[in-house]
Amino acid sequence: MSPLSMANFKNLNPEQARAARHIEGPQLILAGAGSGKTTVITTRIAWLLHRGIAPTAIVAVTFTNKSAREMKQRLSRMLGKKALRGMVVSTFHSLGHRILKQHIETLGYRLPFSILSPEDLHNVMVDIYRELKLDISQIRDDGVLFKISLCKNSALSPHDFASQKMNLESTDLFCAIYERYHQSLKILNAVDFDDLILLPGKIFRQDPEILERYRHRWRFFMIDEYQDTNHSQYDFLNQMVCPRNNLCVVGDDDQSIYTWRGADINIILGFEKDYPNAQVVRLETNYRSTATILKAANQVIAHNSQRMAKTLRSVSGIGDKIKAIAAADEVREAALIAEQIRSLINGRRLEPGDIAILFRTNFQSRVFEQELRNRNIPHHVVGGYRFFDRREVRDMIAYLRVIANPHDELALSRIINRPRRGIGQGSLQKIMDYLLAQESESRPDLFSIMELIVHEPGLIPGLRKESISAIYEFSEFINEYRKRFSRANRLSVVLAQMISDLKFDLEFQRDGDNENTAKARMLNLGELVNMLAYLEDNWEENEPPDLFDFLARLSMQAQDNDEEHPRGRVQLLTLHLSKGLEYPVVFLSGIEEGLFPAPRTLEENGDLALAEERRLFYVGITRAKQLLYLSRAASRRKFGEHQIVEASRFWDELPQDCLEWIADETVEQNNNTRQNVLTDLLAAI
DNA sequence: GTAATAGTAATTTTT
DNA sequence: TTACTATTAC
């Protein structure tokens with residue numbers, strides 16, 4: 001063994017070492033929170049390489065792009081970049097995309113294809129509802145898109161899914177919608193997120209030769225966060241792994257928090273049945289948190305009945321008590337937390353970056369932002385209002401999508417009149433009416449119709465002359481840039497050129513933006529250019545990246561570019577996003593009935609949902625290394641109105657002797673009967 | 001075809 | 001409260 005790997009093993013406890021030394025066959029690592037699983041994974045990969053296994057034979061799958069990136073960084077620090085050449089470290093979705101990029105044509109799609117955003121999918125559904133004469137405003141309430149996604153993630157046929165999960169009369173309707181949905185996607189030459197997993201599995205089944213090629217190349221698989229695997233991922237993976245079953249999975253059933261997305265905890269619970277002779281290793285020593293924090297975590301999770309029993313042991317001291325805060329309302333809650341943070345930074349020599357504020361729902365972040373800003377405490381909202389949600393950014397991405405994939409009518413109709421060029425709703429509707437009247441099998445796409453119109457101005461009656469010449473100029477513009485992008489050796493240069501050609505700055509002024517917002521919007525577009533330049537500079541494949549690669553990256557990595565977790569700032573994030581992260585100080589806020597546990601799932605799914613919410617609580621608690629604060633408000637503004645809220649049932653599940661209450665003076669005063677008057681008064685300030 | 005206004009609906013969690 | 005939609009006036 002090289003001295004390097006010797007040193008690596010020395011730092012592991014016996015169980016960790018046993019897990020890291022495993023090479024062939026199936027292995028299940030049950031890794032409790034903070035038990036050093038990342039170290040085990042990276043050490044095991046080092047061990048595989050040390051034993052002469054080629055990096056190109058290893059695939060490590062993570063749940064988020066962020067953890068993929070971190071794993072890569074850790075590995076290259078340990079072994080050097082060279083040693084990792086050709087190793088796949090990615091999310092399930094990027095892995096699927098990699099395969100589709102090679103083989104999607106066998107399913108009748110063309111390259112490049114588009115990956116549709118939730119917004120695009122909604123638009124697709126609007127058309128389907130119109131066609132079926134259904135009420136468009138019900139799309140959201142029906143949750144059709146959600147159901148379609150769940151159906152795909154469960155690897156069920158629409159019929160099976162519908163008959164299992166819905167009542168009988170809606171089964172046919174669901175199947176009809178499902179079928180139309182896929183026809184639409186096919187016409188757009190586009191896939192949704194779930195297809196990135198589902199379609200590769202389909203290709204494998206349809207074409208064993210392709211599957212065989214991947215089996216030959218990839219011989220060792222490691223899957224992180226296995227408890228969050230869904231059936232479609234399981235199927236995809238299972239095909240590649242067979243028959244060698246060199247599969248090492250790492251997970252913790254207590255941290256399964258994605259069943260609403262089709263993840264099935266039974267997959268990890270059934271691992272030993274699925275893969276007989278599996279080596280099972282339990283990591284129960286926690287190196288992260290104080291004994292007090294762990295005691296709370298253990299006691300909370302013990303309320304769940306269906307779990308692989310385990311208890312985390314602490315190696316740290318007792319530590320401070322858990323601080324509990326009950327504030328008058330959500331503004332006071334945020335203010336108290338901000339004040340605590342201020343004194344932690346001043347008194348305890350903590351950096352803002354050591355601190356995180358966690359919450360159940362995104363909208364809770366606003367008040368915190370406000371209060372932190374008021375006190376000049378540097379902070380950052382992870383994943384909140386996303387860069388990619390900005391209108392101008394989405395517009396520019398739509399341009400790129402049309403240029404890359406001419407069939408992408410969704411993107412095309414988004415930009416056809418942006419900047420305004422005189423092709424308004426009316427004209428677009430006339431064209432679309434004409435299109436929809438064509439036979440659906442052979443119907444041309446919007447873009448080629450536009451070119452036809454130019455040559456044959458009478459094709460669509462009632463189209464104004466001005467509109468026709470605008471259509472001409474627009475399609476010329478797209479064609480010109482399609483040419484430039486395909487010839488360019490620096491895509492980012494062409495993109496910058498295109499942005500300035502489009503004169504978006506003038507458009508922003510016309511929108512009535514003031515000078516500052518217009519500038520900010522231009523800066524956002526500039527940021528898009530930077531991202532493309534960054535991609536070009538750091539591309540590791542042999543062929544240089546094209547627009548398709550850039551777009552894929554944008555849709556799959558939307559949430560985490562390098563700016564996503566800037567150091568040195570208080571981090572604000574949802575509990576879901578906090579999984580896998582740790583902070584010296586954690587504030588877990590809004591622990592109230594009606595908020596956490598979230599009420600909506602409780603109605604539908606009862607105990608199962610409550611158990612998942614509890615796991616989420618457990619995840620939150622175990623993020624903290626030294627100090628944990630739990631808080632709630634007595635009143636919270638909902639839809640602009642104050643409502644009295646109760647303490648969450650989770651409070652009762654905590655060891656009360658570990659809690660130390662911090663008083664909010666306004667709550668003390670509220671013990672008078674003037675409760676409502678006071679909260680209202682406070683809110684008015 | 002565009003801009004301004006009034007009216008309405010909404011808050012789980014995300015690759 | 002905000003954010004999005006539909007209607008109306010220009």
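Excluded from the calculations below are hydrogen atoms, water molecules and symmetry mates; all remaining heavy atoms, backbone and side chain alike, are included. This structure is a prediction, so every number in the text was calculated from the model and none was measured. In what follows, every chain begins at residue 1, and chains take the letters A, B, ... in the order their sequences are listed.
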Query - Check: dT13(B) base within 3.5 Å donor-acceptor of Arg360(A) side chain - result: yes
Report task. Whole angstrom is fine here: how far is it from CG in Leu358(A) over to C1' in dT13(B)? Result -> 13 Å
Report task. Indicate whether the side chain of Ser117(A) and that of Asp120(A) have a donor and an acceptor atom separated by less than 3.5 Å. Result -> yes
Requested in this report: State whether Phe63(A) and Lys579(A) meet the cation-pi test: NZ (Lys) or CZ (Arg) under 6.0 Å from the six-membered ring centroid, and within 45° of the perpendicular axis.
Outcome: yes
Query raised in the report: Which part of the nucleic acid, if any, lies within contact of Tyr258(A), taking any heavy atom under 4.0 Å across all strands shown: a base, the sugar-phosphate backbone alone, or nothing?
Result: sugar-phosphate
Query raised in the report: Do any side-chain nitrogens or oxygens of Arg366(A) fall under 4.0 Å of OP1 or OP2 in dA3(C)?
Result: yes
Query raised in the report: Should Arg421(A) be listed as having a side-chain N or O under 4.0 Å from OP1 or OP2 of dG1(B)?
Result: no
Report task. Can you tell me the pairing partner of dT11(B) across any strand shown, Watson-Crick or G-U wobble, with both distances under 3.5 angstrom? Result -> none
Requested in this report: Would you classify Asn417(A) as touching base, sugar-phosphate or nothing, given that sugar-phosphate means primed atoms plus P, OP1 and OP2, and contacts are heavy atoms under 4.0 Å?
Outcome: sugar-phosphate
Query raised in the report: Just checking Phe92(A): base, sugar-phosphate only, or nothing, at a heavy-atom cut-off of under 4.0 Å?
Result: nothing
Query raised in the report: Of all the nucleotides listed (dA10(B), dT14(B), dA3(B)), which has the minimum atom distance to the side chain of Arg420(A)?
Result: dA3(B)
Report task. Could you tell me the separation between the CZ atom of Phe363(A) and the P atom of dT2(C), rounded to a whole number of Å? Result -> 14 Å
Query raised in the report: Given dT14(B), dT11(B), dT12(B), which nucleotide is nearest the side-chain atoms of Ala598(A)?
Result: dT12(B)
Report task. For dT14(B), take OP1 and OP2 only and decide whether either is under 4.0 Å from a side-chain N or O of Thr574(A). Result -> yes
Query raised in the report: Rounded to whole angstrom units, what separation is found between the CD1 atom of Ile197(A) and the C1' atom of dT14(B)?
Result: 13 Å
Query raised in the report: Is the shortest side-chain N/O distance from Thr64(A) to OP1 or OP2 of dT14(B) below 4.0 Å?
Result: no
Report summary line: Closest to the side chain of Ser427(A), out of dG1(B), dT1(C), dA3(B), is dG1(B)
Requested in this report: With heavy atoms under 4.0 Å as the rule, sort Ser94(A) into base, sugar-phosphate or nothing.
Outcome: nothing
**Report entry** From Phe204(A), Phe113(A), Tyr214(A), Tyr109(A), residue fulfilling ring pair (Phe, Tyr, Trp, His ring centres under 6.0 Å) relative to His103(A)
**Finding:** Tyr214(A)
Report task. Compute both the distance and the angle, then confirm whether Arg521(A) meets the cation-pi test with Phe508(A): under 6.0 Å from the six-membered ring centre, within 45 degrees of the axis. Result -> yes
Query raised in the report: Which one, dT14(B), dT11(B), dG1(B), comes nearest to the side chain of Ser467(A)?
Result: dG1(B)
Query - Atom-pair distance (CG on Leu116(A); P on dT14(B)), nearest Å - result: 21 Å
Query raised in the report: Do the charged groups of Glu507(A) and Arg418(A) touch, with an N to O distance under 4.0 Å?
Result: no
Requested in this report: Quickly work out the Gln364(A) CD to dT13(B) C1' distance and round it to whole Å.
Outcome: 11 Å
